[in-house]
Amino acid sequence: MWKQVDKFVYEIPLGAKEGMRVPGRVFASETIFKQAEADKALEQVVNVATLSGILRYSLAMPDIHWGYGFPIGGVAAFDADHGVITPGGIGFDINCGVRLLVTPLTEEQVRPKLGDLLDVLCKEVPSGVGSEGFIKLSVRELDKVLEMGAKWAVEQGYGTFEDLERLESQGQLKGADASKVSKRAKERGLEQLGTLGSGNHFLEVQKVDELFDEAVAKEMRLSLGQVTIMLHTGSRGLGHQVATDYIDVMLKASKKYGIKLVDKQLAAAPFKSEEGQNYWAAMQCAANFAWANRQVITDYIRKGFAKVFGNEIKDQITVIYDVAHNIAKLEKHMVDGMEREVVVHRKGATRSFSAHQPELPSIYGNTGQPVIIPGSMGSSSFLLVGLPGSMEKSWGSTCHGAGRVMSRKEAIRKGNYGTLMDNLGEKGILVRSAERETLLEEAPEAYKDVDEVVHVVEALGLNSKVARMRPMGVVKG
DNA sequence: ATGTGC
């Protein structure tokens with residue numbers, strides 16, 4: 001039923017399954033498509049196509065794999081007036097995202113002190129499941145975090161106002177309303193600000209390995225051999241609890257509004273309904289918490305580098321960009337030649353706006369939005385920019401990473417800790433982690449080839465490559 | 001992803 005309609009484009013027509021409102025479309029190479037066929041991800045693309053108000057296509061990016069309700073790598077836009085919002089299209093870790101920092105240091109300067117640096121960073125940035133941070137918030141103060149996002153952190157002295165310009169949405173969504181976040185969710189957030197978490201979350205010291213576009217790289221203050229830092233984390237227990245709370249609300253709302261669910265995990269409410277708007281407000285709170293989290297951790301990273309390389313380094317570590325890859329956004333897009341307001345769900349997908357989009361900060365107005373694509377542990381990561389193709393084909397969206405090919409359990413079963421560490425060691429990659437199992441879950445073998453994923457989005461004209469970064473040291477939760 | 005699982 002799925003068929004290839006173009007190079008790297010696979011489609012399933014309307015009517016392939018009862019209730020589909022739009023066709024399904026997956027951006028993939030042959031290898032990647034076959035991998036997606038092997039799990040339930042393609043079925044999930046079809047399921048998403050049945051949701052009310054979905055526009056044009058149910059889409060998936062080449063890092064597609066099975067997820068909760070939506071596939072990870074899934075992108076779907078819904079009419080703001082007549083469509084739904086669904087937590088399954090955003091994910092449990094609301095505003096899980098990636099931030100890229102750049103230092104003035106070279107590999108030669110960092111390599112001899114890499115071990116010390118990683119030890120310091122481990123101490124400065126608490127990580128692991130249930131990890132608690134150094135900041136203990138009152139509920140009153142947490143409410144400010146939820147409504148102000150990264151701006152709260154900067155006002156408290158974590159980083160600079162210049163950082164804020166370089167974050168998607170300036171690290172603050174204005175529709176956040178802390179009264180829509182449950183007490184339980186808040187309790188989980190009180191001690192988790194400034195913590196990394198676990199799973200695929202990491203902090204990585206990298207070096208710029210290759211430049212693909214020297215002019216754009218220069219505008220982004222990036223040069224060959226330079227050391228960068230990549231941070232991947234989200235909204236921790238708070239976001240998870242918001243998702244859990246509202247999935248329950250949405251199940252009831254689906255019944256109330258007569259929304260037919262082909263999968264309960266797609267529980268949804270009309271975007272403009274009370275339930276939809278409450279989740280919308282709470283989801284933005286969780287997103288803001290995640291941006292504050294990455295902002296606080298950025299400050300910790302600067303402090304850590306200062307301990308190893310001297311105080312003056314602090315001001316020289318700058319933010320390149322920070323992207324959310326588990327989120328829904330209200331955006332204006334062209335639909336059949338008309339501008340419309342749509343709710344774009346990106347679930348393991350990154351916003352990828354092209355140059356001159358009004359939402360971009362002036363520094364990136366001419367280059368297009370920086371898109372940060374982390375590879376798996378031990379493989380390269382990429383810095384891309386958004387191209388007009390993404391506006392035309394994918395609601396200004398692209399992939400978010402390599403994407404799994406093995407489940408966590410499978411990775412633990414098939415992996416070998418000694419071999420994994422040997423392989424990383426051979427590549428000169430130093431690793432610090434609290435949990436052996438986490439490392440096995442995140443083994444490179446458990447992921448698709450990030451080069452191939454990036455090749456697909458580039459070949460389709462969604463993005464162009466700016467730089468590739470190679471890991472030197474990794475801190476894992 | 002997650003004070004981790006029906």
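Hydrogens, waters and symmetry mates play no part in the numbers below; they use all other heavy atoms, side chains included. Predicted model, so just to flag it, every value in this text is computed and none were measured. Note on naming: letters A, B, ... go to the chains in the order of the sequence lines (proteins, then strands), and numbering restarts at 1 for each one.
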For [X] and [N], give me the distance from atom [atom1] to atom [atom2], rounded to whole Å.
X	N	atom1	atom2	value
A/Tyr68	B/dT4	OH	P	17 Å
A/Glu187	B/dT2	CD	P	18 Å
A/Ile247	B/dT2	CD1	P	15 Å
A/Asp245	B/dT2	CG	P	16 Å
A/Tyr246	B/dT2	OH	P	21 Å
A/Asp93	B/dT4	CG	P	16 Å
A/Glu437	B/dT2	CD	P	15 Å
A/Arg408	B/dT4	CZ	P	15 Å

Inter- and intrachain pairs under salt bridge (Lys or Arg N to Asp or Glu O under 4.0 Å), touching residues 397-409 of chain A, at least two apart = A/Arg404-A/Glu442, A/Arg408-A/Glu441, A/Arg408-A/Glu442
Check every strand shown and say whether [X] touches a base, only sugar-phosphate, or nothing at a heavy-atom separation below 4.0 Å.
X	result
A/Gly234	nothing
A/Gln192	sugar-phosphate
A/Ser235	nothing

Parallel under 30°, tilted from 30 to 60°, perpendicular over 60°: which one fits the rings of A/Tyr158 and A/Tyr300?
-> perpendicular
Results of side chain to side chain contact (heavy atoms under 4.5 Å, CB included) for A/Ile72 - residues two or more places apart only = A/His65, A/Lys347, A/His400
Taking every non-hydrogen atom, the tightest pair across A/Gly239 and A/Ile94 = O-CD1, 3.6 Å
